[in-house]
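Scroll down for the structure; my scribbles are underneath it.
From a predicted model like this one, the values you see are computed outputs, not experimental measurements.
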Amino acid sequence: MLRSFPLERIRNIAIIAHIDAGKTTITERILYYTGRTYKIGEVDEGTAVMDWMKQERERGITITAAATTCYWQNHRINIIDTPGHVDFTAEVERSLRVLDGGVVVFDAVAGVEAQSEAVWRQADRYNVPRICFINKMDRIGANFSRGLSMIKERLQAKPLPIQLPLGSEASYEGIIDLIENKAWRFDGSPDSEPLEVAIPESKLAMCIEFRQTLIEKLAESDDQIMAAYLDGKSITPNELRTALKRVTLANKGVPILCGSALRNKGIRLLLDAIVSYLPSPLDMPPIRAIDTRLGTEVTRPARDDAPFSALAFKVVSDPFVGRLVYLRVYSGRVKAGTRIFNATRGKRERIGRILLMHANHREEIGEADTGAIVAALGLKDTFTGDTLCPSSQPLLLESIRFPGPVLSVAIEPKTKVDQVKIEEALSKLADEDPTFKVDYNQETGQTVISGMGELHLEVIVGRLFSEFRVGAKVGKPRVAYKETITIPVRVESRFVRQTGGHGQYGHVCLELEPVERGSGFQFVGRVKNGAIPKQYIPAVEIGIKEAMKTGVLAGYPVVDIKATLYDGSYHEVDSSDIAFKMAGSIALKDGVAKAKPIFLEPIMRLEVVTPEQFLGDIIGALNSKRGHIEAIETQGEMRVVHSSIPLAETFGYATSLRSLTQGRATHSMEFYRYEELPAELEGEIKAMGRR
């Protein structure tokens with residue numbers, strides 16, 4: 001693909017938000033207005049182009065992040081429409097890792113919701129510049145001002161409204177552009193152009209005040225506007241737009257727009273804002289990487305003539321073309337048929353074909369250039385988070401971190417034929433989804449699948465039945481407990497076997513100590529004077545890691561532990577990798593048993609939005625479920641309860657909440673952290689783990 005757009009005219013963006021804020025509806029309008037589709041798809045009718053999976057259309061929600069490319073004002077916009085449900089947070093995580101900008105969508109009635117905060121934190125983590133779109137301004141209860149204050153207070157952001165709504169709720173008809181000092185009216189027809197109208201006299205004073213405030217806020221973060229402001233100069237719309245882009249790219253402020261996507265109001269102006277304020281690849285700092293030969297940091301500029309570098313951020317098993325690997329090209333170019341190097345796994349790969357994706361439709365291209373988001377065929381050993389580059393210049397880009405699964409179910413094939421099919425299907429699904437794990441329990445002979453929540457596992461199981469035609473029996477969901485230690489211990493272990501010929505000899509001395517919650521596993525090799533040869537030390541670490549998969553209390557994984565190998569011994573003839581691996585494994589088991597092990601349980605953040613009359617009942621129910629109330633907030637006539645609650649207490653919560661509030665309350669949950677399980681529940685969990 002020869003470059004048809006200069007780099008400064010490319011935008012790589014994500015549409016992110018809480019579930020039901022209107023992300024997919026906005027994306028469908030963008031595709032229509034940019035000429036990518038000839039008919040507007042609707043989520044409620046199951047005709048949305050971006051929600052192409054069968055389960056997405058049945059449920060009316062986005063499950064997998066879908067990529068597309070469209071064109072506006074001579075710019076190429078690569079868009080990823082992400083899910084809003086917390087169970088599919090990995091899709092948002094990997095999208096934000098490889099994109100340059102984001103459009104954050106808010107419901108004008110609900111304002112900033114729980115998952116809005118979660119995606120905002122994810123965008124903060126990757127320093128992604130954002131613009132905000134307050135959607136559904138035509139709904140009863142829509143409140144633009146409250147949305148602004150919630151963005152400021154709950155997200156700790158600096159909102160910079162560049163539009164004001166013209167009317168509200170049923171009388172909503174357009175926007176007032178504070179940059180140009182113009183008003184635009186929309187008639188709701190997708191094919192009608194916005195109509196410029198005079199700003200109503202009743203709104204003039206407010207417009208002057210908001211525009212002045214916008215200039216003052218920009219002056220706080222931008223030296224050029226500050227100089228013009230202090231000199232008393234008139235600031236032109238172009239100067240305002242340029243300053244807004246500088247402030248947005250520096251993440252010092254967030255432009256705020258508004259509209260109603262379902263009624264086709266405000267989408268063209270949103271596209272203008274994407275082009276005006278969100279970054280091109282050239283606006284982003286050169287990507288940092290580690291040179292694997294020297295161990296030093298290097299950068300790759302966003303240029304076609306720079307060495308090729310790309311990050312694999314998604315794997316999909318396409319039933320028609322096979323295994324697709326989605327790539328973001330950060331520098332250089334790559335042609336179909338080229339041999340490249342997977343620096344993460346140390347393997348050479350060949351890119352067979354390169355595809356430009358439009359949801360599940362494919363357009364074959366011959367070459368991918370800098371800034372491109374494409375899918376590649378032929379990459380057999382490349383997975384999410386892997387770096388691709390030339391073998392002559394190997395480097396590692398920062399990978400993508402995903403949260404661990406918190407819920408499990410046992411799954412059993414119905415027949416021997418299903419056994420083979422289920423293994424193949426689960427392997428493909430685990431390839432696609434880094435938060436989905438598959439384990440085989442040796443003791444029970446069961447296959448256990450783990451995910452981020454009930455909906456996540458429901459979708460996985462549904463795909464097994466519908467896509468892969470697997471016959472299987474599925475157990476009830478079980479919480480993914482963990483085990484850890486509470487005191488440091490020292491432990492010594494020997495693995496000695498003597499048979500005919502060479503024997504086996506491995507001797508290790510380990511120090512185990514607890515580390516901060518969420519730190520995972522740390523291994524330190526501190527053997528002195530060659531007590532254990534260097535080539536055997538990695539085997540000790542492998543043995544420890546394998547032993548950590550099943551704890552001593554009830555067989556749950558061991559986490560948050562530091563293992564220091566400080567001494568040991570070896571035999572000139574009988575020592576081997578296997579012997580030291582076994583010694584490390586035995587030492588870990590013995591050490592954990594002595595280190596006062598405890599259970600850890602997953603805790604969820606729970607947000608409940610309810611009419612005030614049900615507040616007491618909801619608080620009482622949460623207290624009975626070991627919930628902890630953190631704050632209660634007022635949003636108009638509604639009350640928002642912020643709390644934390646053990647995952648084990650949340651099964652069936654949606655049903656009980658509906659019956660408690662006559663169906664008038666809503667809730668959302670996301671994983672928060674692991675905490676120590678109360679001692680009085682340990683016996684019950686031990687018994688459950690042994691089953």
[atom2] on [Y] to [atom1] on [X], rounded to 0.5 Å:
| X | Y | atom1 | atom2 | result |
| --- | --- | --- | --- | --- |
| L160 | L240 | CG | CG | 10.5 Å |
| I10 | S280 | CD1 | OG | 8.0 Å |
| L7 | L282 | CG | CG | 4.5 Å |

[X] (side chain) donor-acceptor with [Y] (main chain) under 3.5 angstrom:
| X | Y | answer |
| --- | --- | --- |
| R241 | A273 | no |
| N12 | G371 | yes |
| D304 | T370 | yes |
| R11 | V275 | yes |
| Y172 | G174 | yes |
| R268 | K265 | no |
| T661 | A665 | yes |
| E239 | T236 | yes |

Item to complete: Could you walk me through whether S331 and S309 pass side chain to side chain donor-acceptor pair (under 3.5 Å), step by step?
Response: CA-CA 5 Å; S331 62; S309 65; 2.7 Å; yes
In plain terms, say whether [X] and [Y] are close enough for a salt bridge, that is, a side-chain N and a carboxylate O under 4.0 Å apart.
| X | Y | value |
| --- | --- | --- |
| D107 | R139 | yes |
| E607 | R639 | no |
| D433 | R94 | no |

Item to complete: Would you please name every residue forming a salt bridge (Lys or Arg N to Asp or Glu O under 4.0 Å) with E364, sequence neighbours left out?
Response: R353
Practice prompt. Compute both the distance and the angle, then confirm whether R328 meets the cation-pi test with Y330: under 6.0 Å from the six-membered ring centre, within 45 degrees of the axis.
Written response: yes
Worksheet item: Take atom CG in D223; do more than 12 heavy atoms of anything else shown fall under 6.0 Å from it?
Response: no
Item to complete: Answer yes or no: does atom CD1 of I140 have more than 12 heavy-atom neighbours from other residues, nucleotides or ligands under 6.0 Å?
Response: no
Discussion item. F402 vs I400, test: side chain to side chain contact (heavy atoms under 4.5 Å, CB included). Steps then yes/no.
Written reply: CA-CA 7 Å; F402 297 103; I400 312 172; 3.4 Å; yes
Item to complete: Kindly assign one of parallel, tilted or perpendicular to the pair F106 and W120, based on the angle between their ring planes and the thresholds 30° and 60°.
Response: tilted
Discussion item. What verdict does the side chain to side chain donor-acceptor pair (under 3.5 Å) test give for S189 and D191, after you've listed the backbone C-alpha separation in whole Å, the side-chain angles of each residue and the deciding distance to 0.1 Å?
Written reply: CA-CA 5 Å; S189 167; D191 298 315; 4.9 Å; no
Fill in: Result of checking D100, V103, I131 against I13 for side-chain contact (heavy atoms from CB on, under 4.5 Å)
V103
Worksheet entry | Residue pair I151 / P159: nearest heavy atoms and the distance that separates them | CG2-CB, 4.2 Å
